[in-house]
There are 2 protein chains.
Amino acid sequence: MPDYDHPASDDLTLLGVLRGLADPIRLEIVQHLGKVPEASCAALLGDRPRSSMSHHFQVLRDSGLLHTRIQGVQHFNSLRKEDLDRRFPGLMDAVLAE
Amino acid sequence: MPDYDHPASDDLTLLGVLRGLADPIRLEIVQHLGKVPEASCAALLGDRPRSSMSHHFQVLRDSGLLHTRIQGVQHFNSLRKEDLDRRFPGLMDAVLAE
DNA sequence: GGTTTAATTCGATTTTGATCGAACAATATC
DNA sequence: GATATTGTTCGATCAAAATCGAATTAAACC
């Protein structure tokens, strides 16, 4: 299981980020990650199938919304808040205010 | 051609607004409307088919992003900036900053 | 009334994205 | 090495959304 290559913050696009957020499950994940420093996939799973969630994590990674750190068998996800704030100031604060 | 019923600002949802923004054409429309008080559909048309654009205008109306005022045969669209700012402070400023 | 203009609605097609079971990979533990 | 745990990948299916031509509505104008 290789490390993921996350997009550079300069490569993030507003459209890409908005697309990443435009799904109820992903928005929920992002808003949860706004409240904690990081969370494993299992902690965010709920009662959904793992393969579905894995898809959403990938979309969130690809759009630059989250970073996944692999430690042993667990994957810890965190919001790329600083990168997002730098590229799109105020956006995530508005999204996380809900 | 009846007047449209726009959703009340209290009925707007963050997910709905994000969905409305998560399309390249619609994002372009919204960003354009951020720079002018209002614009007719024709003014925003570009070289796209009218029926496609009409679809996007409807999505934008339904998500609460824009208001359409009918005057004669023309439809003037404006961003619902005040309503959006009240419900989701900072969101549109971030989107329009691009 | 006939014509032009602006935009929508209808309906069919295509494309995109979500869902999820089953198989797989990688680590940890015994 | 065997087993359990965590999460991904594959592949198929299903649902949602975009696209756009053709017909339609409505107002404006001659």
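A, B, ... follow the sequence lines: proteins, then strands. Residue 1 opens every chain.
Annotation: side-chain contact (heavy atoms from CB on, under 4.5 Å) contacts of P7(B) (sequence neighbours excluded): L12(B), R80(B). H55(B) meets the side chain to side chain donor-acceptor pair (under 3.5 Å) test with no other residue; sequence neighbours excluded. H67(A) is linked by a side chain to side chain donor-acceptor pair (under 3.5 Å) to nothing, counting only residues two or more places apart in sequence or in another chain.
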In a table with atom names and distances, give each donor-acceptor pair under 3.5 Å that connects a side chain of residues 57-66 of chain A to protein atoms at least two apart or in another chain.
{"from": "R61(A)", "atom 1": "NH1", "to": "T68(A)", "atom 2": "OG1", "distance (Å)": "3.0"}
{"from": "S63(A)", "atom 1": "OG", "to": "V59(A)", "atom 2": "O", "distance (Å)": "3.0"}
{"from": "S63(A)", "atom 1": "OG", "to": "L60(A)", "atom 2": "O", "distance (Å)": "3.2"}

Review item, side-chain donor-acceptor pairs of residues 88-98 of chain B, under 3.5 Å, at least two apart:
{"from": "D93(B)", "atom 1": "OD1", "to": "K81(B)", "atom 2": "NZ", "distance (Å)": "3.1"}

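Residue-to-nucleotide proximity on DNA chain C shows that, of G72(A) and F76(B), the 5′-proximal contact is made by F76(B).
Atoms CG (L45(A)) and P (dC20(C)) sit 12 Å apart, rounded to a whole Å. As a whole-Å value, the separation of M53(A) CE from dT5(D) P is 20 Å. Put simply, CD on E38(B) is 16 Å from P on dA6(C), counting in whole angstrom units. One interatomic measurement links the two molecules: CZ of R50(A) to C1' of dG21(C), which rounds to 14 Å at whole-angstrom precision. The CD1-C1' distance, from I29(B) to dA7(C), rounds to 13 Å in whole Å. Straight-line distance from the CG atom of D3(A) to the C1' atom of dT8(D): 14 Å, rounded to whole Å. Atom CG in L44(B) sits about 16 Å away from atom C1' in dT8(C), given to the nearest Å. Note: CD (Q74(B)) to C1' (dT25(D)) measures 16 Å, nearest angstrom.
R61(A) comes within contact range of the sugar-phosphate backbone alone, with a heavy-atom separation under 4.0 Å but no base atom that close.
Between Q58(B) and dA7(C), a side-chain N or O to OP1/OP2 separation shorter than 4.0 Å is absent.
Of all heavy-atom pairs between L45(A) and M53(A), the closest is CD1-CG, 3.4 Å.
Set against dT8(D), dT5(C), dT27(C), the side chain of V73(A) has dT27(C) as its closest nucleotide.
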* To do: Between protein and nucleotides 13-23 of chain D, map the contacts as a letter string: B base, S sugar-phosphate only, - none, heavy atoms under 4.0 Å, written 5' to 3'.
  => ----SSBBBB-

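Within the structure, the salt bridge (charged side-chain N to carboxylate O under 4.0 Å, His left out) test picks out the following pairs touching residues 9-25 of chain B (sequence neighbours left out): D10(B)-R86(B). Pairs of residues two or more places apart, or lying in two chains, that qualify as side chain to side chain donor-acceptor pair (under 3.5 Å) and include a residue from residues 27-47 of chain B are E38(B)-R69(B).
Taking five base pairs at each end of the helix from dG1(C)-dC30(D) to dC30(C)-dG1(D), the local helix axes there meet at an angle of 20°, rounded to 10°.
No side-chain donor-acceptor contact under 3.5 Å links D83(A) to the backbone of S9(A).
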